[in-house]
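Below is one structure, written out as structure tokens, with a few remarks after it.
Letters go in sequence order (proteins before strands), and every chain restarts at 1.
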There are 2 protein chains.
Amino acid sequence: MKNLPDKTVERLCQYRRSLNNQLATGKTHIFSHEIANLLHITSVQVRRDIMLIGHSGTLRKGYDIKEMVKLIGKIIDTKEGQRIAVIGMGNIGKAFIHYLYEKRSKLKVVASFDVNPDKIDKTYADVYCYHFGRLKEIIQKEDIKIGIITTPPMVAPEVCENLVTAGIKGILNFTPKPLSVPDDVYLEEYDMITSLEKVAFFVKHNE
Amino acid sequence: MKNLPDKTVERLCQYRRSLNNQLATGKTHIFSHEIANLLHITSVQVRRDIMLIGHSGTLRKGYDIKEMVKLIGKIIDTKEGQRIAVIGMGNIGKAFIHYLYEKRSKLKVVASFDVNPDKIDKTYADVYCYHFGRLKEIIQKEDIKIGIITTPPMVAPEVCENLVTAGIKGILNFTPKPLSVPDDVYLEEYDMITSLEKVAFFVKHNE
DNA sequence: TTTTGCTTGTTAATTAATTCACAGCTATAA
DNA sequence: TTATAGCTGTGAATTAATTAACAAGCAAAA
């Protein structure tokens with residue numbers, strides 16, 4: 001279960017979300033092509049992903065939704081849940097905290113950091129904001145393993161280094177500045193502007 | 001130049017950003033392996049992308065940074081710039097507006113929409129916020145071709161439909177709700193929570 | 001009971017993306 | 001001038017991701 005392809009992991013997360021929505025409507029079983037339609041992908045892809053996680057559907061009845069949600073949870077979540085820090089309490093940082101506050105999942109933001117005195121020592125959606133200088137201390141005390149970087153790009157490398165030495169094992173970098181980390185730390189990067197520029201490119205070239 | 005692979009387009013955007021940074025340091029030429037290092041990819045990849053856009057470097061001197069920036073601009077930007085609307089003035093919506101306000105690029109947010117009376121008829125970073133009911137009117141009047149959806153997921157499909165009928169040609173969906181659009185509209189989707197769950201997965205399976 | 005139609009699970013084929021490997025060139029050093 | 005070292009550009013090979021194709025099974029209809 002360890003060696004699932006990147007893309008499959010992404011889709012599993014999406015399956016779970018959609019399946020939960022379906023559960024809420026009272027459905028108990030679902031066909032691969034129904035899942036596919038929800039996510040606008042092909043049913044083969046869905047079946048293949050399900051195959052990769054070693055699950056089986058019932059012929060002619062489809063997949064048991066509850067079972068699948070549970071299984072995906074087993075694959076993605078840890079039993080105790082994972083503890084997260086947000087570094088940089090700008091709009092994006094707040095968005096994360098807000099979102100994870102609403103959906104209670106196994107992912108929990110337990111601390112945030114900033115250097116702006118207006119933000120420090122305040123609480124946003126139950127998450128306390130510490131001064132960045134206390135990063136290492138708090139991360140170790142709170143047993144935080146995942147960090148989300150939502151600072152201005154310029155300071156991202158410094159933040160990253162601090163996270164790594166504090167013992168973080170996964171980083172989600174929302175900064176346009178590419179970071180590098182040791183092999184034992186997982187790094188995921190996303191840049192909003194690149195996404196937007198991509199859209200702009202295809203709009204330009206479609207007419 | 002029309003048929004660049006998706007991934008190449010993304011990287012070109014990143015090259016441009018990095019190259020601009022390099023320009024600011026006074027450099028005039030750069031080697032493929034230097035670009036590669038900045039972005040943590042391989043130099044072959046860089047050279048191949050540059051090949052795909054039909055550019056050539058100078059042997060032993062590398063690529064002329066200014067020229068490359070200009071060329072990438074020609075590929076990605078339109079001459080007049082592209083006009084953008086943000087629908088949903090929550091944290092993410094604000095983040096976009098703020099970001100595009102600072103970097104003045106060819107991408108310009110010229111209108112935002114919400115349904116919250118506290119936000120309507122106010123201005124954020126020079127962007128006026130209209131009531132969602134006026135979407136079509138304003139989009140057509142302002143000749144907006146790209147929409148960024150940053151509303152609550154529930155209303156995203158409705159927003160999407162409205163954007164399409166208003167004549168939008170590209171949509172960036174920041175909602176976890178998958179959307180569908182006609183063939184002549186380009187759709188890019190991103191879900192922050194999926195990214196985070198992916199990090200969580202790999203952290204879990206790395207130890 | 002037999003047939004029909006529909007769905008899963010999976011192997012094989014295809015397509016997309018990346019990396020290898022190296023020919024060809026050129027500035028610099030010898 | 002003649003090596004030498006280093007970088008570009010690109011076909012060929014490899015790897016990753018997706019899609020096609022279909023055997024196998026089962027529920028419902030005939």
| task | Send over the distance from A/Met68 CE to C/dT8 P, rounded to a whole Å. | result | 11 Å
| Any side-chain heavy-atom pair of A/Glu189 and B/Gln14 under 4.5 Å | no
| note | Per-nt protein contacts along nucleotides 7-16 of chain D (heavy atom under 4.0 Å; B base, S backbone sugar-phosphate only, - none) come out as BBBBBB----
| Side chain A/Thr175, main chain A/Lys177, donor-acceptor under 3.5 Å | no
| request: Go through the steps to decide whether B/Tyr186 and A/Asn206 satisfy the test side chain to side chain donor-acceptor pair (under 3.5 Å), and finish with yes or no. | output: CA-CA 8 Å; B/Tyr186 183 81; A/Asn206 251 2; over 6 Å; no
| request: Would you confirm whether A/Lys106, through its side chain, and A/Gln82, through its main-chain N or O, come within 3.5 Å as a donor-acceptor pair? | output: no
| said: Rounding to an integer number of Å, can you tell me how far A/Ile35 CD1 sits from C/dT8 P? | reply: 8 Å
| said: Just the rounded figure in Å: distance from P of C/dT7 to CG of A/Asn37. | reply: 11 Å
| Does a sphere of radius 6.0 Å around CD in A/Glu161 hold more than 12 heavy atoms from other residues, nucleotides or ligands, not counting ones at 6.0 Å or beyond? | no
| In terms of heavy-atom contacts, does NE2 of A/His98 have more than 12 from other residues, nucleotides or ligands at under 6.0 Å? | no
| query | Would the number of heavy atoms belonging to other residues, nucleotides or ligands and lying under 6.0 Å from NZ of A/Lys198 be above 12? | reply | yes
| said: I need the CD-P distance between A/Gln45 and C/dT8, as an integer number of Å. | reply: 15 Å
| query | Rounded to whole angstrom units, what separation is found between the CG atom of A/Asp49 and the P atom of D/dT19? | reply | 11 Å
| message | I need the single residue from A/Asp183, A/Asp143, A/Asp184 that forms a salt bridge (charged side-chain N to carboxylate O under 4.0 Å, His left out) with A/Lys169. Which is it? | response | A/Asp184
| Spacing of A/His29 atom NE2 relative to D/dA27 atom P, expressed in whole Å | 12 Å
| task | Kindly state which residues belonging to residues 180-194 of chain A come within less than 4.0 angstrom of DNA chain C, counting heavy atoms of the residue only, listed by number. | result | none
